[in-house]
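See below for the structure under consideration.
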Amino acid sequence: MTSTATLVTRSDDPSDPDWWRQAVVYQIYPRSFADSNGDGVGDLQGIISRVQYLTSLGIDAVWLSPFYPSALADGGYDVDDYRDVDPRLGTLSDFDELVAALHGAGLKLIVDIVPNHTSNLHEWFQEAVASPKGSAARDRYIFRDGTGADGNEPPSDWDSVFGGSAWAQTPDGQWYLHLFAAEQPDLNWGNAEVRDDFLTTLRFWSDRGVDGFRVDVAHALVKDLTEPLPSKSALPRQSESNGAHPLWDREGVHEIYTEWRKVLNEYDPPRSAVAEAFVPAARRARYASADGLGQAFNFDLLQADWDSGKFRAVIEENLALAEENGSSSTWVFSNHDVVRHATRYGLPTDPEGAWQDGKAWLLSNGTEPTVDVEQGLRRARAAVLLMLALPGSAYLYQGEELGLQEVGELPAASLQDPAYFRSKGAEKGRDGCRVPLPWTIGGLSFGFGSGGSHLLQPTWFGSYSVEAQEGDPSSTLSLYRKALAVRRGLQTGAGLDWIDDTEWALHFTRPGGWQSVTNFGAAPIELPEGAVVLSSSPLEGAKLPTDTTAWLI
Ligand code: GLC
Ligand code: CA
């Protein structure tokens with residue numbers, strides 16, 4: 001396949017409106033990145049102190065997960081106030097300092113925006129609970145009377161994403177909808193005040209210099225709650241609903257993003273946006289359209305088995321879709337919601353479906369499958385070189401540049417994820433990928449801060465630390481740095497040409513003669529003609545070993 005997508009080369013011009021199309025974006029989970037004041041929680045000053053590290057990686061932008069005031073019922077995705085900084089993480093003036101530091105280093109900043117739900121501590125929800133049934137305050141959320149003789153049964157049998165009922169009862173007997181934790185009441189996007197307030201929030205952060213937004217559960221905002229509410233057994237499968245599900249991916253959601261796009265385009269350069277929308281690839285294009293958010297996450301590679309045919313199908317489909325709607329594809333292997341990919345690739349092929357279904361969360365304590373750490377890391381390194389050679393933007397998650405493994409051994413008593421509690425322990429949840437980063441080989445909290453760490457770091461963390469890898473040319477950190485530097489010189493927006501060698505290899509060329517070849521097979525294969533510039537594992541003479549990617553020019 002030859003793609004003829006618009007040629008958009010990378011640019012270091014800060015006013016380039018297309019900067020996001022080929023960007024490498026590094027996700028920071030602020031509470032777990034770097035702690036400046038020794039209270040065990042990462043903070044904005046901690047990030048500022050590591051800007052030089054970010055620059056040394058060679059990334060283009062930082063995506064900050066929520067840093068807003070929050071009781072952390074869901075790691076900050078339960079927002080108390082959309083236009084402030086959590087006092088444990090800093091102040092608005094620290095935020096301004098961070099923007100200045102990143103921009104000064106030539107890096108963009110994307111922030112997370114969480115429009116589907118507020119937290120239960122948000123002043124709107126507090127007001128709603130204190131106000132009577134049918135009040136304007138309740139109309140900002142989704143309140144319904146219960147069923148059963150005394151109304152003490154929920155309005156429907158729907159489940160929340162984290163397990164348990166999607167409805168919770170307030171003291172006066174009414175119920176409110178929460179697709180996630182009970183501390184995350186869903187907003188009513190039919191309410192004009194809700195719509196207007198988010199436009200104010202977009203302007204608030206854009207005015208402060210933010211370059212883009214990552215839109216949390218972007219496909220859930222518009223709902224059809226026409227009564228009688230259907231039973232969950234009558235609901236279409238989310239992935240096949242094509243706009244017919246009452247809760248997910250309804251057509252009306254795009255009107256919201258058209259309105260947002262107008263606001264984002266008031267800025268120069270226009271603010272970018274990327275949708276987190278769990279919808280089939282073909283429906284993703286709408287979220288990524290130029291009059292919508294502009295870009296959408298594609299989790300297809302993250303969910304694909306380590307198999308050349310599956311990888312190729314995903315790549316072809318997504319490049320074609322991005323080209324069709326004038327966007328650029330996104331690629332991602334890890335984020336704060338999934339088991340780190342260096343661990344996933346070391347899991348047995350089908351651990352009873354535990355990491356299927358887009359979640360990739362480990363099973364609860366004691367039932368984890370055995371991880372082949374060496375195979376996991378080897379494949380993770382091969383995967384990232386393949387990803388970084390693709391047209392489009394690449395999203396990296398903090399710690400993957402260290403080849404960090406999931407922390408599977410967190411004791412139950414220290415878990416924080418509502419998915420663990422609401423599933424009654426059936427799912428271990430996402431804390432294992434959110435353990436604070438190791439910066440140094442030893443020391444309290446491995447250089448994360450001068451105090452402890454809000455999630456326990458295992459003893460093996462030091463060997464993955466930045467300090468342990470810094471001077472080692474064969475380390476994963478060195479691989480990422482070299483790969484990003486080479487990509488910077490070669491990446492264009494233009495497509496790729498496949499070269500069919502063997503069925504267990506993926507080999508393609510990019511404009512300028514850049515070639516990437518990955519061996520998914522069990523035996524070494526011949527390297528193609530060309531000069532090798534980088535390989536994810538040592539080569540065996542003129543052969544490319546198993547689970548290895550090489551770049552040639
Ligand atoms: C998104 C976030 C996840 C959060 C959920 C609810 O999927 O990535 O961390 O729990 O939305 O806000
Ligand atoms: Ca701190």
Side-chain angles (χ1 to χ4, degrees), residues 27-50 63-68 70 72-80 82 85-91 94 110-120 122 160-163 166 177-187 213-221 238 247-248 274-279 296-297 299 302 332 334-339 358-361 395 397 416-423 427 429-434 436-437 444-445 447-455:
Q27 180 189 358
I28 290 183
Y29 192 74
R31 289 177 180 79
S32 300
F33 187 68
D35 172 18
S36 70
N37 60 353
D39 66 356
V41 178
D43 46 49
L44 300 187
Q45 284 297 337
I47 301 171
I48 294 169
S49 74
R50 300 289 179 184
W63 150 29
L64 266 196
S65 277
F67 50 83
Y68 313 112
S70 168
L72 303 183
D74 182 22
Y77 284 89
D78 47 321
V79 179
D80 298 351
Y82 290 87
V85 173
D86 190 308
R88 282 164 295 182
L89 271 64
T91 61
D94 291 325
I110 294 174
V111 298
D112 228 299
I113 185 160
V114 188
N116 179 65
H117 41 264
T118 68
S119 82
N120 58 339
H122 191 284
S160 89
V161 171
F162 295 147
L177 181 72
H178 60 88
L179 292 186
F180 294 88
E183 296 86 352
Q184 293 167 297
D186 280 45
L187 285 164
F213 296 87
R214 177 265 189 191
V215 184
D216 191 63
V217 275
H219 59 312
L221 276 43
Q238 228 199 96
L247 301 174
W248 305 101
V274 55
E276 185 212 28
F278 285 98
V279 299
F297 279 124
F299 298 117
L302 185 159
V332 41
S334 277
N335 61 34
H336 66 296
D337 288 331
V338 297
V339 170
K359 279 189 190 161
W361 299 348
Y395 284 79
Y397 176 55
Q416 303 173 358
D417 188 351
Y420 172 73
F421 300 104
R422 295 190 60 91
S423 72
E427 277 167 1
R430 300 160 295 176
D431 295 310
C433 66
R434 300 174 176 182
L437 288 192
L444 193 62
S445 75
F448 165 65
S450 59
S453 148
H454 69 98
L455 278 168

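Predicted model only: the values in this text are computed from it and were never measured. Numbering of ligands and ligand atoms starts at 1, following listing order.
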In terms of atom number and element, which parts of ligand 1 are under 4.0 angstrom from non-hydrogen atoms of [X]?
X    : answer
F162 : 10 (O)
R434 : 9 (O)
R214 : 2 (C), 8 (O)
H117 : 6 (C), 12 (O)
R430 : 3 (C), 4 (C), 9 (O), 10 (O)

Check: For the residue pair Y395 and F297, does the interplanar ring angle fall in the parallel (under 30°), tilted (30 to 60°) or perpendicular (over 60°) class?
Finding: perpendicular

Notebook entry, point to check: Can a salt bridge be assigned to the pair R434 and D337 using a cut-off of 4.0 Å between side-chain N and carboxylate O?
Noted result: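 D337 and R434: salt-bridged.
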
Check: Is it true that D35 and R88 make a salt bridge, defined as a side-chain N closer than 4.0 Å to a carboxylate O?
Finding: no

Heavy atom of the protein closest to [atom] (residue, atom name, distance):
atom                   : result
atom 4 (C) of ligand 1 : D74 OD2, 3.3 Å
atom 2 (C) of ligand 1 : D216 OD1, 3.0 Å
atom 7 (O) of ligand 1 : E276 OE2, 2.8 Å
atom 9 (O) of ligand 1 : D337 OD1, 2.7 Å

Next item on the list: Begin with the C-alpha distance, continue with both residues' side-chain angles, and end with the deciding distance and a verdict on side chain to side chain contact (heavy atoms under 4.5 Å, CB included) for E276 and R214.
Entry: CA-CA 7 Å; E276 185 212 28; R214 177 265 189 191; 3.3 Å; yes

When you measure from the side chain of [X] to the backbone of [Y], do you find a donor-acceptor pair of N or O atoms at a distance under 3.5 Å?
X    : Y    : result
Y420 : D431 : no
H454 : R31  : yes
S70  : D78  : yes
S423 : E427 : yes

Check: Are Y77 and F180 an aromatic pair by the rule of ring centers under 6.0 Å?
Finding: no

Note to self: So, with waters excluded, how many protein N/O/S atoms does the Ca ion (ligand 2) have closer than 3.0 Å?
What the structure shows: 5

Note to self: With rounding to the nearest 0.5 angstrom, report the CG to CG distance, L187 to L177.
What the structure shows: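 Separation between the atoms: 10.5 Å.
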
